[in-house]
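To start, the structure itself, in structure tokens.
Values in this document were obtained by computation on a predicted structure and should not be read as measured data.
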Amino acid sequence: MEEKGSERWNGAITNLTELSSNLDSLQKILFKKAVFVDEETFAKASLTSEQARTIKALEQRVESLERDLDAAIVASSRARKEKQAVEAAQKAAEFRAQEITKELENTTKVFELHMEELRAKQEEIYKRDKEIKVLEAIIQTLGGKEASHSKNG
């Protein structure tokens with residue numbers, strides 16, 4: 001589809017260029033020979049000259065539009081590459097976030113296990129502390145009986 005449009009534009013530009021060249025040649029001949037023509041011929045030549053100027057302006061406009069189109073294509077390509085780079089960076093960031101989340105979950109599990117172990121040790125210390133107090137009380141009780149036996153004896 002684009003090739004047909006491009007061929008048409010190229011054909012039109014070629015035709016316009018040839019027409020412009022023919023008009024320039026006719027104008028040069030007229031200047032050299034200084035031929036006087038009737039009004040109808042002059043009007044046609046003027047019209048042709050005006051058309052040649054219009055054609056030239058249109059050719060310039062077509063070239064300008066082609067440059068704009070090329071620039072837009074390059075910008076689009078650049079934007080596409082930037083988008084791909086951003087998407088890749090986003091995927092990498094998401095992957096890193098998942099890794100960090102897993103690491104935090106694992107750290108939390110380890111912390112919970114350490115807390116359970118710490119509680120168990122605290123309970124063991126509390127039980128042994130009670131046992132020590134009971135033993136101290138027994139020792140004091142027994143020590144008090146021995147002291148009273150040695151006083152009596």
task = Report yes or no: does Thr107 contribute a side-chain atom to a donor-acceptor pair with the main-chain N or O of Glu103 at less than 3.5 Å?
result =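 Checked: pair present.
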
ask   = Is a side-chain N or O of Thr141 found less than 3.5 angstrom from the main chain of Ala137, in a donor-acceptor match?
value = yes

Note: [X]-[Y] ion pair, threshold 4.0 Å (strictly below):
X: Arg119; Y: Glu123; value: no
X: Lys121; Y: Glu124; value: no
X: Lys83; Y: Glu87; value: yes

Atom pair [atom1] ([X]) and [atom2] ([Y]), whose distance is rounded to the nearest 0.5 Å:
X: Gln51; Y: Leu16; atom1: CD; atom2: CG; answer: 10.0 Å
X: Ile73; Y: Arg78; atom1: CD1; atom2: CZ; answer: 12.5 Å
X: Thr101; Y: Asn106; atom1: OG1; atom2: CG; answer: 11.0 Å
X: Leu142; Y: Leu135; atom1: CG; atom2: CG; answer: 10.5 Å
X: Asp24; Y: Lys56; atom1: CG; atom2: NZ; answer: 8.0 Å
X: Leu113; Y: Leu118; atom1: CG; atom2: CG; answer: 12.5 Å

Thr14 and Glu18, any side-chain heavy atoms less than 4.5 Å apart =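 Side-chain contact under 4.5 Å: yes.
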
query = Heavy atoms, side chains only, cut-off 4.5 Å: are Ile13 and Thr17 in contact?
reply = yes

ask   = Counting only heavy atoms not in Glu94, do more than 12 sit closer than 6.0 Å to its CD atom?
value =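 It does: Glu94 CD has more than 12 such atoms within range.
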
